[in-house]
Amino acid sequence: MVKKEMIAMLLAGGQGSRLGVLTTRMAKPAVPFGGRYRIIDFPLSNCINSGIDTVGVLTQYQPLRLNTHIGIGIPWDLDRNIGGVTILPPFERNINTDWYTGTANAIYQNIEYMESFNPDYVLILSGDHIYKMDYEVMLDFHKKKGAAVTLAVMPVPFEEASRFGIVVTDDAKQITEFQEKPENPSSNLASMGIYIFSWKILREALMANSDRPNLDFGKHVIPYCYEKQQKIFAYEFNSYWKDVGTLYSYWEANMELIDIIPEFNLYEEYWKIYTESQVVPPTYVGNDAYVERAIVGERTGIYGRIYGSVLGCDVRVGAGTEIYDSIIMNGARIGRNCHLERAIVAEDAVIGDNVRLGTGDERDNDTRPDIYNHGLVTVGERSRVPDGVGIGKNSVVAGDCSSDDFPNGMLSPGSTLIKGGDRR
Amino acid sequence: MRAIGMVLAGGNSRRIKELTKNRAVAALPIAGNFRSIDFALSSMTNSHVQNVAVFTQYNSRSITEHLSSSKWWNFGRKQGGLTIFTPSITDDNNLWFRGTADAMYQNLSFLKNSHEPYVIIASGDCLYKVDYGKILEYHIEKQSDITVVIKDLPAGFKADRYGCVKLDENGRITDFEQKPLIAPSNTVSCGIYILRRRHLIELIEECAEDDRHDFVSDILVRYRDIKAIYGYKLDTYWSNIASLDDYYKANMDFLKYEVRSFFMEEYPVIYTKADDLPPAKINAGSHVKNSLIASGSIINGTVEDSLIFKKSFIGNNCYIKNSIILNDVYIADNSHLENCIVESHSTIHGDYYHKCEQGIDVVVEYGDRFII
């Protein structure tokens, strides 16, 4: 009989709408990060590095990119005869066919998958954080404490604690109280959305709550276990952990990689991050190019000047172009004599010649100031920005744009220009 | 594809000096991320040749390590796959491979047990990209006994490293001389051959009976008058790594856009073993010009007209010019390297100065390294 001590369930179905146009056509876990990675590479690599070889990836929102990225799991050594990675989309059934209506509901709908591995423990992960964590150490903690549920938590500054789900623990790290976004937090330990459940406990909790609408771990399942007086422990994690849920935090996390010895170091040998990449050839830096403080993916060609930026694979930067503090994703083409400042240019976008991104003064975005802020200019996937135009700060452009879309060749700061269609 | 593939990767070349001390020629690092054998193997997989054998002997470990999994080249199928043949002691043989034909003879069962009607023989130390299917079509159209891929080299090349051929107007090879002192023509053999599998078995068996062991001199050259041997002209990039000079030039060719684009961008591209290294990092104070930087490298100094291979570290205030820095090299601050090839895994301590005034020097320095 198949037996896996612990299996992982990775929630990758969310849109991540606070990443704006970056997630128009892919789920947040598929968004590129750090030049050649995608966000989901971090939890997947953590799994294999922690010795977990059975991972169910729950998809729902725009799964195509995730499906092609994960495939049969070869890059993560998750192509296994027994176990390995399995993509779990919602499916039709005899009665009660439904989308995944909540995090725990998605897990509930895949009880059969989990049961087939006869696990002792189930690790619940989300696909939207950048971190390196040994889940095996967390499991050891779980076993040592005899816990029913273990939550990974990390200390946050007290002044920010009211943005998180906070747990209060006793000296033995057993959780005595939960506070969801408290005004006056009595602890600074924030839940990271990483749970280890003893399988029987999880199964019982899911079955008992299966009828609840939008069944959620934080809102329903954990409180249920708490009410049932199960032993819930907090496993404190004290390393780099970055939520890249907003456009600004996403940009910031990328920029942090450029530091001379970054807090989150990708160059360590013993905890490799794996990714799917068909592109391996080296990057070419041209004769009149200049690169200073940059991370550059494979097969990129740089003919311009780059300062403090993250470039993906297969990017081209034309001669005379200057790029400051920007993220340029895989396959993007930047023309000649452009000036980019704090730009996020998504995959396969084409920027013409003499384009200025991030010009003018700072003004709030007219549609989503909560997303497009901090002076960032965002260009969506497969978009086209025509020659000679300027785009102001806090703006967003997506789709196949022509010069008609830019009155006086300029898009004023805080504009939103979202057109249908891909560039041709 | 109606052919099986055989890649000859057994050789050594003293002319490559220190670089083949610990590796086979076919395992030499090329263009930042590749090894020379990748080019033959990728052409095989891109031509849908599914059943491929690699013959290796000299420093075979370097090849078998690189071929740790056949999935990088999309082999490893139920139909076909990648097989590595190293010399082995058997009931009736305890010899090394005494030549290319002998290597095939010792593994004749591979040829006999295949069912594909044709065999493609390719060498593992040439850089090229070719559709073997087209050569096979030509082979069939010409009703050729053996087809040899050939290339016109520029006048004034040194012929003593190549097989030189002369053709008649139909493309049939009338003269084949192996490594002549004076080249009779500027057309050379590229080390890629196609022939019928049954025919190859016969030739190899005849050869073995006469105690002859080399495919080129004992089959191609010896049989050139009685067999219809045709030349298929290659008009795309091809280079052979037979000397240190060749090796340096072939790598430097990748600084040209046309060469990079031909091998790395135009579909189908060349594949290699995946390494899962982070992207290259170029820190403040760097000055990189006309250079290739492979993944996992960290650059702090000046790099001009050079190739930096995977996982190398270039310290502050270094000056690297016209050089090739191979994999996993650590070069500490204030070092100056000009016209050098730095061997893989070297550690160069600070304030090092090496400028080769004539030709190319191979630098091998295994200093202590402190790993952070």
Side-chain angles (χ1 to χ4, degrees), chain A residues 33-37 41 45 72 74-77 79 257-262 264-270 272-303 306-316 330, chain B residues 30-34 38 69 71-72 76 251 254-257 259-261 263-265 267-300 303-313 316 328 371-372:
Chain A
F33 183 86
R36 71 193 293 262
Y37 304 99
D41 293 336
S45 301
I72 59 166
I74 288 176
W76 303 271
D77 270 352
D79 50 329
L257 295 173
I258 304 166
D259 295 344
I260 186 103
I261 296 173
F264 188 72
N265 195 349
L266 293 167
Y267 295 80
E268 286 168 337
E269 268 298 298
Y270 70 95
K272 264 193 185 176
I273 305 299
Y274 300 93
T275 188
E276 195 277 330
S277 174
Q278 294 301 322
V279 186
V280 291
T283 275
Y284 178 73
V285 182
N287 242 328
D288 302 313
Y290 182 77
V291 187
E292 181 183 298
R293 295 191 307 111
I295 277 186
V296 189
E298 284 95 335
R299 203 165 67 184
T300 279
I302 301 173
Y303 300 89
I306 315 284
Y307 301 87
S309 297
V310 173
L311 274 64
C313 303
D314 260 337
V315 171
R316 295 285 174 284
N330 295 354
Chain B
I30 302 287
N33 293 65
F34 300 97
D38 291 337
S69 168
K71 62 184 165 192
W72 318 130
N251 270 299
F254 282 83
L255 290 179
K256 295 178 199 147
Y257 177 72
V259 177
R260 280 204 313 281
S261 155
F263 284 115
M264 302 170 178
E265 286 172 25
Y267 184 83
V269 296
I270 306 298
Y271 306 102
T272 189
K273 182 178 174 173
D275 252 320
D276 296 289
L277 293 166
K281 189 156 184 258
I282 304 176
N283 286 327
S286 313
H287 207 124
V288 184
K289 274 174 84 170
N290 187 36
S291 297
L292 282 171
I293 314 287
S295 51
S297 293
I298 301 179
I299 314 289
N300 293 293
V303 177
E304 287 179 12
D305 309 314
S306 297
L307 277 82
I308 311 291
F309 281 58
K310 294 175 293 186
K311 258 180 87 180
S312 287
F313 178 90
N316 287 315
D328 186 32
I371 294 159
I372 321 157

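Chain naming here is simple, since letters A, B, ... match the order of the sequence lines and numbering starts at 1 in each. Note that the structure is predicted; figures quoted are calculated from it, not measured.
Taken from CG in D276(B) to CG in D77(A), the straight-line distance is 8.5 Å, to the nearest 0.5 Å. A distance of 8.0 Å separates CD1 in I74(A) from OG in S69(B), rounded to the nearest 0.5 Å. Within the model, atoms OG of S295(B) and CD1 of I295(A) stand 12.0 Å from one another, a figure rounded to the nearest 0.5 Å.
In this structure, chain A has no heavy atom under 4.5 Å from any part of E304(B). Neither the backbone nor the side chain of E268(A) comes within less than 4.5 Å of any heavy atom in chain B. The contact between T283(A) and chain B is made by backbone and side chain atoms together, counting heavy-atom distances below 4.5 Å. Contacts between Y257(B) and chain A at a heavy-atom distance below 4.5 Å involve the side chain alone, from C-beta outward. If you measure heavy-atom distances from I258(A) to chain B, the contacts under 4.5 Å come from the backbone alone. With a 4.5 angstrom heavy-atom cutoff, D259(A) touches chain B only via backbone atoms. There is no contact between I306(A) and chain B, counting heavy-atom distances below 4.5 Å. Y307(A) does not touch chain B: none of its heavy atoms, backbone or side chain, sits under 4.5 Å away. For a residue to count as touching a neighbouring chain, one of its non-hydrogen atoms must lie under 4.5 Å from one of that chain's; by this rule L257(A) touches chain B with the backbone only.
In this structure, the side chain of N33(B) engages the main chain of V280(A) through a donor-acceptor pair within 3.5 Å. Judged purely by atom type and a 3.5 angstrom limit, K272(A) has no side-chain atom pairing as donor or acceptor with the backbone of P278(B). In this structure, the side chain of Y267(A) does not engage the main chain of S297(B) through any donor-acceptor pair within 3.5 Å. Put simply, the side chain of R299(A) gets close to the backbone of M264(B): a donor and an acceptor are under 3.5 Å apart.
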Take I293(B) and Y284(A) through the side chain to side chain contact (heavy atoms under 4.5 Å, CB included) test and state the conclusion after the steps.
CA-CA 6 Å; I293(B) 314 287; Y284(A) 178 73; over 6 Å; no
Step by step, work out the salt bridge (Lys or Arg N to Asp or Glu O under 4.0 Å) result for E298(A) and K310(B).
CA-CA 11 Å; E298(A) 284 95 335; K310(B) 294 175 293 186; over 6 Å; no
CA sep, side-chain torsions, deciding dist, call: K71(B), D79(A), salt bridge (Lys or Arg N to Asp or Glu O under 4.0 Å):
CA-CA 12 Å; K71(B) 62 184 165 192; D79(A) 50 329; 3.4 Å; yes
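Top candidate by heavy-atom pairs under 4.5 Å with chain A, chosen from T272(B), L255(B), N300(B), is L255(B). When the candidates V269(B), L292(B), V288(B) are compared by the number of heavy-atom contacts under 4.5 Å with chain A, L292(B) comes out ahead.
Using a 4.5 Å heavy-atom cut-off against chain A, the contacting residues of residues 280-287 of chain B are A280(B), K281(B), I282(B), N283(B), A284(B), G285(B), S286(B), H287(B).
The two atoms that bring P282(A) and G32(B) nearest to each other are CG-CA, 4.1 Å, heavy atoms only. Minimum interatomic distance between P279(B) and G35(A) (heavy atoms only, all atoms of both residues): CG-CA, 4.5 Å.
Between P281(A) and F34(B) there is a side-chain heavy-atom pair separated by less than 4.5 Å.
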